[in-house]
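The structure under discussion appears below in the form of structure tokens.
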Amino acid sequence: MSSSLNLEKNMSLLSPDQVEIAKMLLEIGQGHLFQDWPDPGVDDDLKQTFFTQVALLNSSYPGGLVSYIKTAKELLADSKAGKNPFDGFKPSVPSGEVLTLGDETFIKYEEAGVKQVQNAAFVLVAGGLGERLGYNGIKVALPMETTTGTCFLQHYIESILCLSEASYKQTQGECQRDVPFVIMTSDDTHARTLELLESNSYFGMKPTQVKLLKQEKVACLADNDARLAVDPKNKYIIQTKPHGHGDVHSLLYSSGLLREWKEAGLRWVMFFQDTNGLLFKAIPAALGVSATKEYHVNSLAVPRKAKEAIGGITKLTHADGREMVINVEYNQLDPLLRATGHPDGDVNCETGYSPYPGNINQLILELGPYIDELAKTGGVIKEFVNPKYKDATKTEFKSSTRLECMMQDYPKTLPPSARVGFTVTDPWLAYAPVKNNPEDAAKVPKGNPYHSATSGETAVYRSNSMILRKAGVKIDDPVTQVFNGQEVEIWPRIVWSPKWAVTFADVKRKVSGENSSVTQKSTLVIKGRNVLIEDLSLDGTLVIDSVDDAEVKVGGSVKNDGWAIESIDKDDTSLPEEVRIRGFKINKVDQLEKSYSEPGKYTVNL
Ligand SMILES: O=c1ccn([C@@H]2O[C@H](COP(=O)(O)OP(=O)(O)O[C@H]3OC[C@@H](O)[C@H](O)[C@H]3O)[C@@H](O)[C@H]2O)c(=O)[nH]1
Ligand SMILES: [Mg+2]
């Protein structure tokens, strides 16, 4: 009563739109928001800010606040009742396409995939703050490895550019379009992402080729009645929190981009996450799988260690016959298994891995069916709520909560006829995210991936070393070292630019001879496009660069003191944060640097 009285007294301050909003708030049980509003004349500016915020919360959510609160009430009631979202479903292990780098099938899919890249749009979800990592900058600005210092965003953009170039080369004569690249940002990341792009000339992309879509936060809920939570310090501000990466679907839909892409003849939308230096090694082959198997949805997966913080791809079969292959998020897999006759829950099987493939949240959707589905749903993804209750009565929350959604839940609303599949790659090939801070990473169970800056970087060297091995180079075994309390394998620091190779076929073409070798302490950096390695023996550091029109054949023997990986103290505040979160730095003692700035053919015997 007092709330609506307070509101009524303030009516004269409100525009007709604001009056509508106020009425709507009362109708959906949000009268408490006006409870302590003073008479007109006091805080009038703040009251205007309040309505501006509510209008934004209302317009940025499909169906507006009415729909948000309605869903919130339902989900909060389910949560209170302890209802299992997978009630009635039995999990089993699905079968998918398994790829092994370098074998015939892999090469075949890679080739098919490269052809399709020109028909793809790439979408990076990068609105997350990275709370678990605790890094102060945006995650896409972090160096993917510190041998060259290339940041994630640069690597992603160069990979997309080089892949699309390779795609046109394979299908000569067809028109060349600029492959679209969308980045979903949030208030936490938007300005800094734009700044990173602008200060680096978009890393070689055309600014028109890159679109930033900013997701808005959603309103927080204070209690089981879905009453909106206000800022404890300012009653005119509603608390907000991120809604999750699932927002990407409604944003793409409402932006009109999907239609534009369809009209331009595109066929695929590829989604990926902010920090995974390995991802592009698997993208061509995975896209090849999508094209060959005509998958509407293809999720990339890697073998998963039990309890690893990655979702498990699971086949769910309902008692009523419904079936779906879907990600079960890492916090839900164990309870689901326990509730359905697997008393040990989320455990490894005889392979040493969980039988459920690990979702790396790299999704390839076929554009046509994707648009059709979104036309039905408006891009709304099934949400969930995860309140932390004060006690077992579940009547009060420890802090406010909100609805969330995940992009990989997209297939949940698909009809049974939809072609949903997944593709599993080698564990070392496709996934090494940077998510955990050093303290938490050091606590990860032995044998499980750390998902830290330390493991993210060392995984790049491991993967490149393994790939060169497959291409016939003799690569020394790694040594085990401990940085920031994590035991990691240190392989030779081999890094190449996407210009040099975006597929395994590229690597094979550029490496020849039976006698190439790289010792464990070595660093090899290949920047030039047409650098051919033939019978090169490396024990130290070699950096090769060349202009695009130069072809440089490199062989012979290089020996120098090279670049050393050195331990640093993560608490040494005189070092940059990017270095401290790794626990090591590269000490560049000595190197051989070769650079070819004029077009031509060169044969170098070092
Ligand atoms: O609101 C958000 C939240 C997150 N994100 C982005 O979404 C991506 C993933 O976010 P997180 O790192 O928090 O995701 P999580 O680690 O919790 O799990 C995610 O990745 C691993 C998979 O196995 C999981 O199934 C998937 O949910 C990041 O690129 C992040 O920037 C948004 O763009 N908006
Ligand atoms: Mg998260």
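Basis for what follows: all heavy atoms, side chains included, without hydrogens, waters or symmetry-related copies. All ligand and atom numbering here is 1-based and tracks the order in the structure. Everything quoted here is computed from the prediction, not taken from an experiment.
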| For the side-chain contact (heavy atoms from CB on, under 4.5 Å) test, which of Leu163, Leu161, Ile283 pairs with Val502? | Leu163
| request: Only one of Leu287, Val420, Val289 passes side-chain contact (heavy atoms from CB on, under 4.5 Å) with Asn298; say which it is. | output: Val289
| task | Would you confirm whether Asp78, through its side chain, and Pro85, through its main-chain N or O, come within 3.5 Å as a donor-acceptor pair? | result | no
Could you tell me whether some N/O pair between [X] and ligand 1 is separated by less than 3.5 angstrom?
X: Gly128; value: yes
X: Ile360; value: no
X: Met184; value: no

How does [X] reach ligand 1, by side chain, by backbone, by both or by neither, if only non-hydrogen atoms under 4.0 Å count?
X: Met407; answer: neither
X: Lys139; answer: neither
X: Tyr431; answer: side chain
X: Asn327; answer: side chain
X: Asp274; answer: both

| Below 6.0 angstrom between ring centroids: does that apply to Phe181 and Tyr156? | no
Taking only heavy atoms of [X], which atoms of ligand 1 are found under 4.0 Å from at least one of them?
X: Tyr330; result: 15 (P), 16 (O), 17 (O), 18 (O)
X: Gln215; result: 1 (O), 2 (C), 32 (C), 33 (O), 34 (N)
X: Val125; result: 6 (C), 7 (O), 8 (C), 28 (C), 29 (O), 30 (C), 31 (O), 33 (O)
X: Ala126; result: 31 (O), 33 (O)
X: Gly127; result: 31 (O), 32 (C), 33 (O), 34 (N)
X: Pro242; result: 1 (O)
X: Ile310; result: 23 (O)
X: Lys435; result: 11 (P), 12 (O), 14 (O), 15 (P), 16 (O), 18 (O), 19 (C), 20 (O), 21 (C)

Using 0.5 Å steps for rounding, measure from the [atom1] atom of [X] to the [atom2] atom of [Y].
X: Met144; Y: His155; atom1: CE; atom2: NE2; answer: 4.0 Å
X: Lys376; Y: Thr413; atom1: NZ; atom2: OG1; answer: 7.5 Å
X: Leu336; Y: Thr314; atom1: CG; atom2: OG1; answer: 7.0 Å

| request: Any pair with a residue in residues 294-308 that passes salt bridge (charged side-chain N to carboxylate O under 4.0 Å, His left out), sequence neighbours left out, goes on the list, sorted by first then second residue, please. | output: Arg304-Asp346
| Selected option - heavy-atom contact closest to atom 18 (O) of ligand 1, from His451, Glu329, His243 | Glu329
| message | With a cutoff of 4.0 Å, is Arg132 in contact with ligand 1, counting heavy atoms of the residue only? | response | yes
| query | Do you see a donor-acceptor pair shorter than 3.5 Å between the side chains of Gln209 and Tyr202? | reply | no
| task | Would you kindly say whether Tyr370 and Glu366 are connected by a side-chain donor-acceptor distance under 3.5 Å? | result | no
| Charged N-O contact under 4.0 Å between Glu404 and Lys241 | no
